[in-house]
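Some notes on the structure that comes next.
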Protein chains: 2
Amino acid sequence: MNESIHGSGADEFLELKHVLRALGDVVRLHIVSVLAGNTEMNVTDLAQMLIINGRYVSQPLVSWHLATLRRAGLVQVRRTGRQVYCSLDRERYALCLQMLGDLVQPAALRAAPVISPAGQPDLSPARQ
Amino acid sequence: MNESIHGSGADEFLELKHVLRALGDVVRLHIVSVLAGNTEMNVTDLAQMLIINGRYVSQPLVSWHLATLRRAGLVQVRRTGRQVYCSLDRERYALCLQMLGDLVQPAALRAAPVISPAGQPDLSPARQ
DNA sequence: CCGCTATATAAATGGGCGCTTATAAATGTC
DNA sequence: GACATTTATAAGCGCCCATTTATATAGCGG
């Protein structure tokens, strides 16, 4: 009952912070970029596809960064035998984008309120 | 001429990283949130409006966080006398959102190409 | 069981970040 | 000029993060 009222609770900012910090690294941005172009990928293939400053990224480092992304909920993993296939959680990623958007333009403003701007019929509940 | 071709150059990731790290802090998220609701604001008023864990944020800390956001290009400042009015650079913020979007869904896919939507000779995305 | 492969974890290290306290710099007021 | 106000910067500190190297876990094939 502390933050109450509107949605800008501290918890929301805390969660957003975690996701942003997980994304705020060049190696992890590359990982996300590669995962975004493939439905699934095992760790070794991913590591061999990551060339960042003209250098490969070592396997333990890829594993460590993947753990960070997984902790942030951005990457899901599926074990099969000794391989671990990882994929981008696009829903979570989209949620992050939405939270970032809401931060500067609260949902209350985006969802066209009651009043329609006298030209367009309001399309309020069209939100997905 | 190093990275050429597609937009996923290392520099882009580096810049995105800087912005994401600037945003990846609870205090700075609050600052952005407050600035998003006001066109302009001097530092003292901003500090007095920031209550984060039930505690105020000290003036030097606000100034320090503002410097971080300014370095990332997310806030602009305008001096008038001894006050410094700061505002959110919404364009830059939107650019960040766009870069994040492009990361998982390259612009080539989003920008509906030349083909007219007439008959839908289905080709590219079909993806949700 | 033994080796091989795939992945994760530990230890060690360097560096940067967030915070506090104190102080400086700049500007307005009397 | 003395003083108050606004903002920035410096020093110090603890902590977390990114990286490397080395090693552990676990499945697989002979």
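Numbers restart at 1 for each chain; the letters A, B, ... are given by sequence-line order, proteins then strands.
Along DNA chain D, the nucleotide closest to A:Pro60 and the one closest to A:Asp25 are compared, and the more 5′ of them pairs with A:Asp25.
Looking only at distances, a side-chain donor or acceptor of B:Arg90 sits under 3.5 Å from a matching main-chain atom of B:Ala36. The closest donor-acceptor contact from the side chain of A:Asp25 to the backbone of A:Arg28 lies under 3.5 Å.
Between B:Glu15 and B:Arg92, at least one side-chain nitrogen of the basic residue sits less than 4.0 Å from a carboxylate oxygen of the acidic one, meeting the salt-bridge criterion.
Atom CD1 of A:Ile52 and atom C1' of D:dT20 are 15 Å apart (whole Å). Following rounding to the nearest Å, B:Lys17 (NZ) and D:dC17 (P) show an atom-to-atom distance of 14 Å. When rounded to the nearest whole Å, the span between CG of B:Leu61 and C1' of D:dT7 equals 14 Å. Going from atom CZ of A:Arg21 over to atom P of D:dC16 covers 11 Å, rounded to whole Å. Atom CG in A:Asp45 sits roughly 15 Å away from atom P in C:dT5 (whole-Å rounding). Note: CG (B:Leu46) to C1' (D:dA8) measures 15 Å, nearest angstrom. As rounded to whole Å, 14 Å separates atom C1' of C:dG18 from atom CG of B:Leu29. The separation between A:Asn53 atom CG and D:dT20 atom P is 11 Å, rounded to whole Å.
Here the CG atom belonging to A:Leu88 is positioned 11.0 Å from the CD1 atom belonging to A:Ile31, to the nearest 0.5 angstrom. Here B:Asp102 contributes atom CG and B:Leu95 contributes atom CG; the two are 9.0 Å apart, rounded to the nearest 0.5 Å.
Residues that satisfy the side chain to side chain contact (heavy atoms under 4.5 Å, CB included) test with B:Thr80, not counting sequence neighbours, are B:Arg78, B:Tyr85.
Non-hydrogen atoms lying under 4.0 Å from DNA chain C are contributed by B:Trp64, B:His65, B:Gly81, B:Arg82, all within residues 62-87 of chain B.
Side-chain nitrogen and oxygen atoms of B:Arg28 include at least one within less than 4.0 Å of the OP1 or OP2 phosphate oxygen of C:dG18. OP1 and OP2 of C:dA6 both lie 4.0 Å or more from every side-chain N or O belonging to A:Asn42.
When each of D:dT21, C:dG18, D:dT7 is scored by its nearest atom to the side-chain atoms of B:Val43, the top-ranked nucleotide is D:dT7.
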Inset, instruction - Could you check A:Leu46 against A:Val62 for side chain to side chain contact (heavy atoms under 4.5 Å, CB included), going step by step and ending with a plain yes or no? - result: CA-CA 8 Å; A:Leu46 175 63; A:Val62 172; 4.2 Å; yes
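Scanning atom types as modelled, one donor and one acceptor separated by under 3.5 angstrom connect the side chain of B:Gln59 and the base of D:dA8.
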